Amino acid sequence: MNLAELNKVAIAMTAPGKGILAADESTGTIKKRFDAINTECTEDNRRDYREMLFRSSEGMKHISGVILYDETIWQKAKDGTPLVDIIKRSGSLPGIKVDEGTKPLPNCPGELITVGLDKLADRLPKYYEQGARFAKWRGVIDIGPGIPSYTAIHTNAHALARYAALCQQAQIVPIVEPEVLMDGDHDIDRCYEVTEFVLKEVFQQLYYQKVALEGIVLKPNMAISGKKNGKRAGVEEVAEKTVKLLKGCVPGAVPGIAFLSGGQSDEEATAHLDAMNKIGNLPWSLTFSYGRALQHAPQKAWSGKSENVAAAQRVFAHRAAMNGLASKGQWKQDLEKKAA
Ligand code: 13P
């Protein structure tokens, strides 16, 4: 393992002004997104949609890396150019989602464990060969009555650390993503408390499995109220609590943190990131690794029609630019209004 090189990649992934485009939806998930825009979920449509994003030269200026699904990393654009080459030419790094989704966790009703470790050591060199310089594995922790259990937190943290160690051995930067879901009606303090426990456990497991923190990127949720909570915390509170939480849990050796959007609205996700960076004086860089909050708007604008490609690329470029500014604490709400 060349740690200096891993560290360079992790720094590039979280460079101020840029962030990560999470375009690694599984076929089932992208089908749900396509259903919402009345677009058939064929292999060609998935290719055309993602090619549209990767060829958006304005948008890609703000994208340091793209997380791909297995299908996409091997796919070629309509003109035969490998999609990974289009990403690389834009100055962005290709990455790959390597987990194989979730399964019910035995003895823990309602809780999940992320799977995919078995053949991972054999798969990673092939992804490296194909151009992937980083990977992603998402563990999912739900908040509800009586959950999460310690079993779910521990088992998922253990799997994340096993994955991270295997990635580094293959000279691939692991994005370590322990996602505490925002689906419930819990308040921000409950989210804080659960996320704190989860992050403490994740860093303990990373330590036990000898993962070099200089060569990872953490992808956490923010400290945020559940979606169904009637009195959701505002932007300042989310920013202050998230920064406090991360300062207490994430060693300064980690080069960068790239948040997931997790179901926040597009503008909320931007405003939260911006407010955190406005606090400033942080030991790591803070940026985005958004899926939905970067793709909602371009998906709608595209709606499966080739005549909409230019409009969808403009919409994507706008969202990417807004989040790029937020990663430097330089976003202003006025900029949204001007674009609208
Ligand atoms: P969202 O930003 O839509 O939460 O997706 C990010 C991601 O990669 C989840 O694993």
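Order of appearance sets the numbers: ligands from 1, and atoms from 1 within every ligand. Side-chain atoms are counted along with the backbone in the values below, which use heavy atoms only and exclude waters and symmetry mates. These figures come from a predicted structure and were not determined experimentally.
- With sequence neighbours excluded, the residues forming a salt bridge (charged side-chain N to carboxylate O under 4.0 Å, His left out) with Asp183 are Lys227, listed by chain and number.
- Classification of Asp99 and Lys136 as a salt-bridged pair fails, no side-chain N sitting under 4.0 Å from a carboxylate O.
- Applying the side-chain hydrogen bond (donor to acceptor under 3.5 Å, both in side chains) test to residues at least two apart or on different chains, the pairs with a partner in residues 325-334 are Glu267-Gln333, Trp331-Glu336.
- At a 4.0 Å heavy-atom cut-off, the residues surrounding ligand 1 are Ala22, Asp24, Lys136, Arg138, Glu177, Lys219, Leu260, Ser261, Gly262, Ser289, Tyr290, Gly291, Arg292, listed by chain and number.
- When ring centroids are compared, Phe34 and Trp302 come within the 6.0 Å threshold.
- Taking a cutoff of 4.0 Å between a charged side-chain nitrogen and a carboxylate oxygen, Asp85 and Lys76 do not qualify as a salt bridge.
- Listed by chain and number, the residues in a side chain to side chain contact (heavy atoms under 4.5 Å, CB included) with Thr242 are Met222, Ala223, Val238, Leu246, Phe259, Met276 (sequence neighbours excluded).
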